[in-house]
Amino acid sequence: MHRCNTFLLILTFLLTSEALGQGVDYVKSHYTKYEHQIEMRDGKRLFTSVYVPKDDSKTYPILLKRTPYSVRPYGVDQYPEQLGPSKLFAEAGYIFAYQDVRGRWMSEGDFVHMRPHRPKKANRTDIDESTDTWDTVDWLVKNVRGNNAKVGIAGISYPGFYTAAGIIDSHPAIKAASPQAPVNDWFVGDDWHHNGAFFLAHMFNWMSRSGRARPEPTKSFPRATFDYGTPDGYEFFRRIKTLSEIDEKYLKGEVPFWTESIKHGTYDDFWKSRNIRPHLQNIKPAVMTVGGWFDAENLFGALETYKYIERNNPNTFNMLVMGPWRHGGWARDDGESFGDIAWNSKTSVFYREKIEFPFFEFHLKGKGKIDHPEAWVFETGTNHWRKYDHWPPKQASPKSLFFHANERLTFEAPQNEGGFDEYISDPDKPVPYMNVVAPGMKAEYLVSDQRFASHRPDVLVYQTNLLENDVTIVGPIEVELYVSTSGTDSDWVVKLIDVYPDDYPDPETNPKEVRMGGYQQLVRGDVIRGKFREGLDKEVPFQPNTPTRVTFTMPDTYHCFRREHRIMIQVQSTWFPLVDRSPQSLVDIYHAKETDYRAATQRVFRSSEMPSCVKVLQLK
């Protein structure tokens with residue numbers, strides 16, 4: 001049995017690799033590699049690998065990717081397994097250019113995380129990612145043989161940020177761009193913070209491995225490894241009593257961005273300067289922003305990049321693609337499932353063949369016709385691709401899900417009702433974010449089963465009766481809570497959950513023996529650090545045991561709660577170690593003492609005067 005499973009895993013890997021990549025032999029036989037140090041306007045040189053088709057009977061567009069993660073392999077005789085976003089591009093013929101961004105790997109200069117954009121540039125030393133992109137594109141179209149003077153730019157995650165930053169005041173040769181899961185704002189909603197709450201497990205895991213400084217250009221800057229000493233991330237982080245211990249014990253001052261970021265506990269100029277959204281202007285190329293509904297890292301960035309380009313550039317071709325994917329999942333596999341949830345089709349293959357490839361073929365080569373909608377989005381629940389000429393769809397209407405006594409949840413507001421629900425939040429016994437033993441942040445948490453949490457006394461649960469008809473929600477989700485705490489600060493976590501029928505069938509292939517009957521699938525969940533309820537740039541304490549209104553917005557979703565399912569809301573104050581523990585007293589969390597962490601009594605009110613609810617857009 002073990003040998004059979006091993007064989008199947010190897011076969012699956014080989015088939016997936018063949019589907020996604022061309023292989024070194026194919027790349028070598030069809031492309032010639034060149035390496036260049038391209039000089040920027042301030043004199044710094046950025047290392048760039050260029051792959052040119054051997055067939056010189058025609059010209060080709062250039063497809064550029066700028067990355068902090070290395071353009072390896074280095075050396076003109078060393079070739080990668082794949083060129084382009086998918087194998088379709090290399091087979092169709094493109095010139096591929098890959099660049100180490102300023103200060104990373106083989107490129108000169110200083111690296112700055114999420115380098116702030118400079119809208120006004122006084123001289124040639126005033127550089128940012130838009131100027132580095134401009135200078136790179138200008139050099140490529142003038143110096144690389146066989147190009148058709150049209151450039152596309154694309155990238156996922158951090159390269160998605162460089163794509164978005166690179167089309168601000170864009171070079172006229174850039175005709176198409178696709179920022180995919182782009183980093184957008186590291187305090188409001190991407191990666192390290194959500195509404196000011198610190199995403200501890202994710203930032204520590206990434207920074208401990210990838211955050212160390214590179215002193216000079218190098219081809220071999222080994223990725224650091226970190227030994228947690230235990231497979232149990234919950235216990236590893238629970239043993240850390242204060243955040244200040246992390247640098248002292250584990251990072252030892254070797255990760256500059258960690259050291260700098262913990263000095264900035266509010267949305268101050270350090271973070272605001274790294275917010276790219278207001279600068280997404282004067283964008284001329286066609287833009288296709290791509291994201292995953294279950295991207296644990298940059299869901300916020302994809303949605304916000306699309307929205308701000310749409311708002312600031314009304315005449316630009318601007319479209320949104322959202323599928324049922326994890327971070328970068330559309331480029332990794334066939335997209336048939338994620339976690340325990342099946343999508344019943346190869347969603348990633350569809351995207352690569354029917355959406356991504358035609359977009360670049362049309363805008364860079366003039367081939368085919370572009371019939372893409374404004375928004376091409378996947379509806380989970382029914383598991384179906386939908387097209388819209390506006391996102392969110394204009395025909396959606398606002399509805400509210402109100403909390404009631406006896407754990408009830410309805411679309412009717414409380415009438416002549418009073419009362420509240422109460423729990424004790426103890427930082428020493430925080431609610432796990434997922435029922436799994438693992439270090440770091442598991443990407444699957446965004447679709448994971450929440451039954452383990454609904455059984456805890458420090459988690460409030462509200463749910464509807466069995467639905468008589470499908471209920472489809474689209475767009476952003478607004479949370480409005482009326483709460484009190486016995487402390488002076490608190491986190492508030494809200495989760496929107498699809499409760500499956502008790503007789504829901506298990507999957508035919510079920511090696512994990514998951515029982516899907518009564519499964520509580522997380523549809524959307526997020527958190528706010530309560531002290532930021534009046535603005536992320538200021539800290540306002542709670543008055544102990546005083547009812548207080550707390551509101552925040554959760555990222556968009558597109559989900560159909562099917563007939564005979566239930567809609568559930570869970571409310572809690574810890575989500576560990578995904579989010580660090582609030583001391584539940586108003587202090588500088590990054591330098592708090594162990595004695596600052598205290599248990600608190602939390603109340604959520606659900607009366608006619610204080611109707612706690614979750615506001616959605618319903619599509620009929």
(request) Give a yes or no answer on whether the side chain of Thr380 reaches the backbone of Tyr558 with a donor-acceptor pair at less than 3.5 Å. (result) yes

(request) Evaluate the side-chain contact (heavy atoms from CB on, under 4.5 Å) criterion for residues Tyr228 and Asn205: first the C-alpha distance (whole Å), next the side-chain angles of each, then the deciding distance (0.1 Å), finally the verdict. (result) CA-CA 10 Å; Tyr228 284 84; Asn205 196 57; 2.7 Å; yes

(request) Flag the pair His193 / Trp186 as yes when their ring centroid distance falls below 6.0 Å, and as no otherwise. (result) no

(request) Indicate yes or no: at least one non-hydrogen side-chain atom of Tyr597 is less than 4.5 angstrom from one of Asp428. (result) no

(message) In this structure, is the centre-to-centre distance between the rings of Phe294 and Trp343 below 6.0 Å?
(response) yes

(request) Would you check if there is a donor-acceptor pair between the side chains of Ser425 and Gln584 at a distance under 3.5 Å? (result) yes

(message) Quick check: do Ile589 and Lys531 have side-chain heavy atoms less than 4.5 Å from each other?
(response) yes

(message) As an exercise, state the distance from CE of Met288 to CG of Leu320, rounded to the nearest 0.5 Å.
(response) 10.5 Å

(message) Return the CG to CZ distance between Asn469 and Arg562, rounded to the nearest 0.5 Å.
(response) 11.0 Å

(message) Can you confirm whether the side chains of Asp449 and Tyr500 place a donor and an acceptor under 3.5 Å from each other?
(response) no

(message) Is the distance from the ring center of Tyr519 to that of Tyr504 below 6.0 Å?
(response) no

(request) Supply the atom-to-atom distance His559 NE2 to Thr382 OG1, rounded to the nearest 0.5 angstrom. (result) 9.0 Å

(request) Answer yes or no: is there a donor N or O on one side and an acceptor on the other, between the side chain of His404 and the main chain of Glu417, under 3.5 Å? (result) no

(message) What I'd like to find out is whether the side chain of Pro611 reaches to under 4.5 Å of the side chain of Tyr482, using heavy atoms alone.
(response) yes

(request) For Lys241, look at atom NZ and say whether over 12 heavy atoms of other residues, nucleotides or ligands are found less than 6.0 Å away. (result) yes

(message) I'd like to know if the side chain of Trp206 pairs up with that of Asp191 as donor and acceptor (distance under 3.5 Å, no hydrogens or angles considered).
(response) no

(message) Given the ring of Phe576, does Arg238 sit roughly above its face, with NZ or CZ under 6.0 Å from the centre of the six-membered ring and within 45° of the axis?
(response) no

(request) Would you mind reporting whether Phe199 and Tyr433 have side-chain heavy atoms less than 4.5 Å apart? (result) no

(request) Applying side-chain contact (heavy atoms from CB on, under 4.5 Å) between Met322 and each of Asp295, Thr289, Leu299, report the one that passes. (result) Leu299

(request) Say whether Thr305 and Asn184, considering side chains only, have a donor N or O and an acceptor N or O under 3.5 Å apart. (result) yes

(request) Taking all heavy atoms of Thr347 and all of Gly335, pick out the closest pair and write down the distance. (result) OG1-O, 2.7 Å

(request) Could you tell me whether Arg581 sits above the aromatic face of Phe237, with NZ or CZ closer than 6.0 angstrom to the six-membered ring centre and within 45 degrees of the axis? (result) no

(request) For Ala302 and Val290, work out which heavy atoms get closest and say how close. (result) CB-O, 3.7 Å

(message) Does Lys442 have more than 12 heavy atoms from other residues, nucleotides or ligands lying within 6.0 Å of its NZ?
(response) no

(request) Let me know which of Gln521, Arg566, His565 forms a side chain to side chain donor-acceptor pair (under 3.5 Å) with Asp498. (result) His565

(request) Tell me, with the steps shown, if Val321 and Phe359 meet side-chain contact (heavy atoms from CB on, under 4.5 Å). (result) CA-CA 12 Å; Val321 181; Phe359 171 81; over 6 Å; no

(request) Begin with the C-alpha distance, continue with both residues' side-chain angles, and end with the deciding distance and a verdict on side-chain contact (heavy atoms from CB on, under 4.5 Å) for Lys307 and Glu304. (result) CA-CA 5 Å; Lys307 291 175 186 177; Glu304 290 291 296; 3.7 Å; yes

(request) For atom CZ of Arg515, decide whether the heavy atoms of other residues, nucleotides or ligands shown that lie under 6.0 angstrom number more than 12. (result) no

(request) May I ask you to test the Val461-Ile497 pair for a side-chain heavy-atom distance under 4.5 Å? (result) no

(message) Exactly one of Trp492, Tyr234, Phe198, Tyr445 should register a ring-ring contact (aromatic ring centres under 6.0 Å, His included) with Trp575. Which one does?
(response) Tyr445

(message) Less than 6.0 angstrom separating the ring centers of Trp385 and Phe378, yes or no?
(response) yes

(request) Run the salt-bridge test on Lys429 and Asp458 with the 4.0 Å N-O cut-off and return the result as yes or no. (result) no

(request) Could you tell me whether the side chain of Gln450 and the main chain of Ser448 form a donor-acceptor pair under 3.5 Å? (result) yes

(request) Look only at the side chain of Asp185 and the backbone of Gly189, and say whether a donor-acceptor pair between them is shorter than 3.5 Å. (result) no

(message) Quick one, Gln543 and Thr548 - any side-chain contact, counting heavy atoms below 4.5 Å?
(response) no

(request) Return the orientation label for the Trp330 and Tyr351 ring planes: parallel under 30°, perpendicular over 60°, tilted otherwise. (result) perpendicular

(request) Output yes when a side-chain donor or acceptor of His390 lies under 3.5 Å from a complementary backbone atom of Pro392, and no otherwise. (result) yes

(message) Please list all pairs meeting side chain to side chain donor-acceptor pair (under 3.5 Å) that have one or both residues in residues 607-620, counting only residues at least two apart or in different chains.
(response) Glu480-Lys615

(request) Would you tell me whether Tyr306 and Glu374 have side-chain atoms, one donor and one acceptor, within less than 3.5 Å of each other? (result) yes

(message) Could you tell me if the side chain of Gln602 sits less than 4.5 Å from the side chain of Val483, heavy atoms only?
(response) no

(message) Using the rule side-chain contact (heavy atoms from CB on, under 4.5 Å), only one of Thr574, Val494, Asp491, Asn195 pairs with Val527; which is it?
(response) Asp491

(request) Kindly give the heavy-atom pair with the smallest separation between Thr472 and Cys560, and that separation in Å. (result) OG1-SG, 3.4 Å

(message) I need the Leu401 CG to Met568 CE distance, nearest 0.5 Å.
(response) 13.0 Å

(request) Quickly, which of Ile567, Val471, Val499 forms a side-chain contact (heavy atoms from CB on, under 4.5 Å) with Thr464? Name it, please. (result) Ile567

(request) Search all heavy atoms of Pro577 against all heavy atoms of Gly233 and return the closest pair with its distance. (result) CG-O, 4.0 Å

(message) What I want to find out is whether Asp580 reaches Arg529 closely enough, with some N-O distance under 4.0 Å, to be called a salt bridge.
(response) yes

(message) Give me the atom names and distance for the closest heavy-atom approach of Pro541 to Leu586.
(response) CB-CD2, 3.4 Å

(message) Return the NE2 to CE distance between His372 and Met319, rounded to the nearest 0.5 Å.
(response) 4.5 Å

(message) Using 0.5 Å steps for rounding, measure from the CG atom of Leu522 to the NZ atom of Lys495.
(response) 7.0 Å

(request) Take atom CG of Asp371 as the centre, draw a 6.0 Å sphere, and report whether it contains more than 12 heavy atoms from other residues, nucleotides or ligands. (result) yes

(message) For the residue pair Glu356 / Ser86, report whether a side-chain donor-acceptor contact shorter than 3.5 Å exists.
(response) no

(message) Could you tell me if the side chain of Ile473 sits less than 4.5 Å from the side chain of Leu617, heavy atoms only?
(response) no

(request) Answer yes if the side chains of Tyr462 and Asp421 hold a donor-acceptor pair under 3.5 Å, and no otherwise. (result) yes

(request) Specify the closest pair of heavy atoms between Arg456 and Pro432, including all atoms of both residues, with the distance to one decimal. (result) NH1-CD, 3.5 Å

